[in-house]
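Read the structure below first, then the notes.
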Amino acid sequence: MGIMYHSTRGDQRAYTASQAILKGLAPDGGLFVPDQIPPLPKSLREFAAMDYHGVALEILSSFLTDFTRDELEECVEKAYDKKFDTPVIAPVVKKSDAYYLELYHGATIAFKDMALSILPHLCVKAARKNHEQREIVILTATSGDTGKAAMAGFADVPGTRIMVFYPDGGVSPIQKLQMVTQKGKNVRVAAIRGNFDDAQTEVKKLFSDQALNSEISRRGYVFSSANSINIGRLIPQVAYYVWAYARLLAAGEIEEGEKINFTVPTGNFGNILAGYYAKCMGLPVGRLICASNENKVLFDFFTTGTYDRNRPFILTSSPSMDILVSSNLERLIFGCCGDDAAKTAEFMRELSKDGRYTITAEMKKNLADFTGGYATQEETSERIHDEFASDHYVLDTHTAVASAVYQKYVKQTGDRTKTVIVSTASPYKFVRSVVPAIDPEDAAQDEGKDFDLIADLERVSGVPRPAAVREIDHAPVLHNLVIDRSEMKAAVLDFLK
């Protein structure tokens, strides 16, 4: 019997990996989790001899057990192809006192490409495997990067449609341009008057709206998700933690079995949760350092054991982390309370009703693999400046948050364990914050002129602007819909008429 998936909230049914991927969200509103975490299928030395395709195939085969190896190999080959601007896929670069895992070499220059390049192929195969005749409709809320990466992955994929909602004014200008210029007959984008949490909450409501689901089924459609709430998004992310360790081992930077730490810029908690799954598989990981910006709901949670979203929502220079409801934390809560679905569901009801919940002291002990930290806007800017000054290496705003948090962690703990900082995105996506941190004089001259700032960054860094940025310079705007969150349901129905 292969690995089966079940809900964090009590649905007693067991689902295959392909069924869980197709559904995205469990029928009771919970998230799908595997009934076991498989051990690493190869030795660390064997992983060190593989390319990224090989590592990804091994990890996916371990979790997605109702897919054949040939099916997964085809998905991997289609996903990690020439859309990445380096054959290595995800380079590990040593700078100063840490290693940076560069996850932004894909088509949309953000780490979301690592999973969203493969999810469409998994979805299509899952549909065939389950004899699903209806067209798959992907509904996704984005804080900036997921939306573009999902649209790029699903654009014109037969048998699918995708609609993305993003917070109006809550993403960077480059992120917005990437989304509103997206081509594809099966694609639609809408800005929401509100923040990311508003969009994400409403999308979850649409998934659980039985009348809506019946209506779209009658029309020949079925909902699924491309957010990291979809287990098909989360599992591919496990691969790059194993890959990072294998790269350090292959380079002689660590000994086999030596523990390393990971520092992860965190918003919706999926990225760092994938690292935790890798550790549970047997990857030698010491601490998982959860880095937050000034929306530090996760830092407070790991410090106090209370998750409380009742606080001002702060728009920062790291918008993909501007989140107060970290959906994937539910999977960790489920695990640390002993897979108690009833208790998990109660915590989620408290969060929905009161905006907060507090875990038990026993549960808090089960979070020992994690530590939290946060960086202010000023600290983020300083870190971009200092890393460029010392190593001529440019950090985007999210990676800079993680780097600043890592430095504070070392200072506070004295822990000198070799550490990989998980890089979020290309700095070219956030030039309005990156260029002023590096060269205030250039920034002042070109303030608000994104493509002038891009030219400034290209000149001072010596790194050419990525193809994803060149493509949107003169691309026409194809999506200009701006709506209230109360209009999202109508917008979906209009898209599917």
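Since we're looking at a predicted model, the values are computed, not measured.
N213 places a side-chain N or O within donor-acceptor distance of the main-chain N or O of F207, the cut-off being under 3.5 Å. For the pair R69 (side chain) and E58 (backbone), a donor-acceptor distance under 3.5 Å is absent. Put simply, the side chain of D354 never gets that close to the backbone of R356: no donor and acceptor are under 3.5 Å apart. At least one donor-acceptor pair under 3.5 Å links the side chain of N328 to the backbone N or O of S228.
Under 3.5 Å, the side chains of S317 and Q377 contain a donor-acceptor pair of N or O atoms. No side-chain donor-acceptor contact under 3.5 Å links Y393 and S96. No side-chain N or O of S225 forms a donor-acceptor pair with one of N230 less than 3.5 Å apart. When only modelled atom types and interatomic distance are considered, D308 and N310 share a side-chain donor-acceptor pair under 3.5 Å. Side-chain polar atoms of D415 and T417 form a donor-acceptor pair below 3.5 angstrom. A donor atom on one side chain and an acceptor atom on the other are not found under 3.5 Å apart for D145 and Y104.
Rounding to the nearest 0.5 angstrom, the gap separating the CG atom in L57 from the CD atom in E77 is 8.5 Å. If you take CG on L25 and OG on S7, they are separated by 8.0 Å, rounding to the nearest 0.5 Å. Separation of atoms CD1 (I21) and CD1 (I136) is listed at 10.5 Å; rounding is to 0.5 Å. Put simply, OG on S426 and CD1 on I109 are 4.0 Å apart, with the number rounded to the nearest 0.5 Å. Interatomic distance, CD1 of I138 versus OG of S224, reported as 4.5 Å (0.5 Å rounding). Atoms CD and NZ, on E387 and K95 in that order, are 8.0 Å from each other to the nearest 0.5 Å.
Using bins of under 30°, 30° to 60° and over 60° for the plane-to-plane angle, the ring pair F262/Y241 lands in the perpendicular bin. Using the six-membered ring where Trp is involved, W243 and Y52 have ring planes that are perpendicular, over 60° apart on the 30 and 60° scheme. Ring-plane geometry between Y277 and F63 is classed as parallel, the angle between the planes falling under 30 degrees on a 0 to 90 degree scale with a further cut at 60.
No close placement of the F301 and F269 rings is indicated, their centers lying 6.0 Å or farther apart. Proximity of the aromatic rings of H6 and F334 is defined here by a centroid distance below 6.0 angstrom, and this criterion is met. Between F32 and Y5, the distance from one ring center to the other does not fall under 6.0 angstrom.
In this structure, K129 is positioned above the aromatic face of F67, its NZ or CZ under 6.0 Å from the six-membered ring centre and within 45° of the axis. For the pair K408 and Y374, the cation sits on the ring face: its NZ or CZ lies under 6.0 Å from the ring centre, inside 45° of the axis.
The shortest heavy-atom contact between S62 and M281 is CB-CE, 4.2 Å. Taking both residues in full, the closest heavy atoms of L248 and Y99 are given as CD2-CD2, 3.5 Å, listed atom of the first, atom of the second, then distance. Taking every heavy atom of both residues into account, H398 and S318 meet most closely at NE2-C, 3.2 Å.
You'll find the side chain of Y409 reaches within 4.5 Å of the side chain of N261, heavy atoms only.
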TODO: Using the side chain to side chain donor-acceptor pair (under 3.5 Å) rule, take S327 and K204 through it: C-alpha gap first, then chi angles, then the decisive distance, then the call.
DONE: CA-CA 10 Å; S327 290; K204 286 184 176 180; 2.8 Å; yes
TODO: Could you please spell out the steps behind the salt bridge (Lys or Arg N to Asp or Glu O under 4.0 Å) verdict for R383 and E379?
DONE: CA-CA 6 Å; R383 191 69 202 102; E379 290 168 333; over 6 Å; no
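With Q200 as the partner, the side chain to side chain donor-acceptor pair (under 3.5 Å) test is satisfied by one option alone out of T140, N268, T142: N268.
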